[in-house]
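Read through the structure below, which is laid out as structure tokens, and then see the notes.
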Amino acid sequence: MWQRLRLRTPGKHQAVRVETRHRARLRRSPWLLVLCIPLALFLLLPLCAILLRASFPLLLSTLQQHEVLQAVTLSLVTASITTALTIVLGTPIAQLLAKHTFRGRTLLETLIEAPMVLPPAVAGVGLLLAFGRRGIWGSYLDALGVSLAFTQAAVVMAQLFVAAPFYVKSAVGGFLEIDQELEQAAALDGASSWQVFRYVTVPLALPALLGGAIMTWARALGEFGATILFAGNLPGRTQTMPLAIYMGFELELNVALTLALILLACSFSVLAITKGLLKLDVGR
Amino acid sequence: MRVSARHCWLWLALLLLSGCVVPVGPARSNAATRQHETILTVFAAASLTEAFGEIGKQFQVTSGTEVRFNFAGSQQLARQLAQGAPADVFASASIKEMADVIKAGVIVPGSEQVFAQNRLVVIFPSDNPGNIASLQDLARPGVKLDLAAEQVPAGQYSQQVLAKMAADAEFGTDFKANVNRNIVSFEENVKVVVTKVSLGEADAGIVYRSDITAAVKHQLGTLDIPEQYNQLAAYPIAPTKQPPAGAELAQRFVDYVVSAEGQAILERYNFETDVQR
């Protein structure tokens, strides 16, 4: 997604031109369209299958089950906490990466991007070995009476690990896009660096920041691998929607189906919102 | 012009798609038969991982056939089989999952036989951070108890064992409630319980006796569950109705598992094999 956000850099005139050029070409390249069909169909069919198998009454009756409701609530709450944490902890890093050159910059950038390509199970093992009760750093926490594994804090940590990069990448793109002269002008007029950031940088980069935050939220909502390894699977405490789908698939398909439908709806609305934000930005 | 062009794409698309679909059938089955001449696919309960790994090796030595295993929770395997996953043999950790697969029409009723039995045991990390000295300790506030999920046989057996203890006045009236409060996670298969306890993340767990393998023996302490509370897990095995590797080969593997040689291997891995067949 961050790539899309970055692509928007050219601004509205160029963006519009790109769009018309694409349309003109499409008519003259039927083969391109044909070649697009297999993958598009492949992506579409499983989603259709979920929609076709689910029914509204089923959705309603399953949603009334205590464990299902617990999973939905837990997922929404933890994903939101994760997103808030990501904004607080990720924005400084995004600003650093966008505005400064320093030794180790590439290293930091790679570190931020790594979780996007790492299998979440790796994140889970790593978190357990680092922050588990007998983990390298977790053992010190344990001595202080803090135990993270099997708690909701562990759920948030797992989500933070895999989902934070989406926001940071998007924010870096947003910050890079800002005309530096605007920030310099504000500074010349006597604004402190915090004021420049608060009243110039953030408002100008807002669509990218919001888009990134929403992507992070969605990714956190879907987190599975790191969660089941590090936070465990206890209904009401650490069993999020994806975990309930996995366990429900083995016990009760209806639960899996209902939760899958909710996550599907979430993903689609998230993409629709971010695309809406992009348009808003381009149209400005 | 535009309309015909559009139709043209449609036909092209259809052509391409049918082109994709048609040759796949025969090509795939060719590859399948060629492959299955040498490879036997066995779906086996996660608790059989080590024992069947050894049995597979020995079977390959005696028969020259390579055995590939799909180890997972029996419930997961049962579902995969019912959905048509290609397998030659199914070895389940519970009669129930075998029955499900028979009901799905994948295995012929009556072709299954119990080849081993297993008992449950309480495990704890070897330095025993939860001070587990008796079964009653499982209910002590603050103990972190890790169990297999009810979806898998080990989880069902664990719940039955806990229920039997709770029914005994010796354990007190609120044993069940206290134990439930101590549960930190329901794992997707029993091996995850072993891992989390041996890592020291949980204070105690309930697993099969056969899960105390050489690899984890030194990291774990065990507490036997007396006969009157314990649950005997019966492991049934059967060839599938239409084994891709052939009925004869599938039966040969089953025969090997119940042979003296196969049973000796299972016993080495802490299974009980004095089963009436």
Side-chain angles (χ1 to χ4, degrees), chain A residues 26-42 67 121 124-125 127-129 131-135 138-139 142-143 145 147-152 154-155 224-225 227-239 243-253 255-256, chain B residues 1-2 4-17 19-21 72-80 82-83 97 100 125 127 129-130 142 144-152 155-156 180-189 192-193 195-203 219:
Chain A
L26 247 185
R27 293 215 180 97
R28 273 182 275 125
S29 47
W31 279 109
L32 183 64
L33 210 71
V34 170
L35 290 173
C36 290
I37 290 173
L39 184 60
L41 261 186
F42 174 70
E67 284 200 3
V125 173
L127 284 168
L128 198 61
L129 295 182
F131 301 114
R133 194 160 65 161
R134 300 290 173 77
S139 51
D142 189 53
S147 178
L148 290 168
F150 304 120
T151 63
Q152 284 171 4
V155 176
F224 173 76
T227 311
I228 201 163
L229 280 173
F230 182 48
N233 169 51
L234 191 71
R237 201 188 309 164
T238 58
Q239 189 184 69
L243 268 61
I245 289 179
Y246 186 69
M247 302 313 278
F249 179 71
E250 299 189 345
L251 196 66
E252 200 186 342
L253 196 60
V255 170
Chain B
M1 178 61 207
R2 195 187 289 167
S4 68
R6 212 179 272 164
H7 278 249
C8 177
W9 298 344
L10 201 77
W11 285 117
L12 275 172
L14 279 174
L15 231 142
L16 193 84
L17 276 175
C20 286
V21 172
S74 298
Q75 173 66 32
Q76 202 173 340
L77 296 173
R79 188 167 297 264
Q80 287 172 2
Q83 299 283 340
E97 271 66 37
D100 287 348
D127 60 345
K144 290 181 177 177
L145 180 62
D146 198 13
L147 295 180
E150 261 180 280
Q151 283 88 335
V152 291
Q156 291 159 16
N180 281 344
R181 249 197 299 281
N182 283 347
I183 297 171
V184 289
S185 184
F186 290 110
E187 307 298 352
E188 58 188 306
N189 76 60
V192 182
V193 179
T195 306
K196 288 202 175 162
V197 175
S198 60
L199 274 175
E201 292 304 333
D203 294 325
Q219 292 149 278

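By convention in this document, chain letters (A, B, ...) are assigned in the order of the sequence lines, proteins followed by strands, and residues within each chain are numbered from 1.
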At what distance, to the nearest 0.5 angstrom, does CD1 of B:Ile183 lie from CZ of A:Phe150?
-> 12.0 Å

Side chain A:Asn233, main chain B:Phe186, donor-acceptor under 3.5 Å = yes

Quick one: which of A:Thr238, A:Thr151, A:Ile228, A:Asp142 has the most heavy-atom pairs under 4.5 Å with chain B, could you say?
-> A:Ile228

Whatever's closer than 4.5 Å to a heavy atom in chain B on A:Leu129 counts as side chain

Please report the shortest heavy-atom distance between A:Gly232 and B:Ser185, naming the atom on each side.
-> CA-OG, 3.2 Å

Looking only at heavy atoms, the pair that brings B:Arg181 and A:Arg237 closest together is O-NH2, 4.1 Å

Evaluate the side-chain proximity of A:Phe230 to B:Glu201: yes if any heavy-atom separation is below 4.5 Å, no if none is.
-> no

Got a second to check how far B:Glu188's CD is from A:Tyr246's OH, nearest 0.5 Å?
-> 4.0 Å

Check whether any side-chain heavy atom of B:Asp203 sits under 4.5 Å from a side-chain heavy atom of A:Arg133, and report yes or no.
-> yes

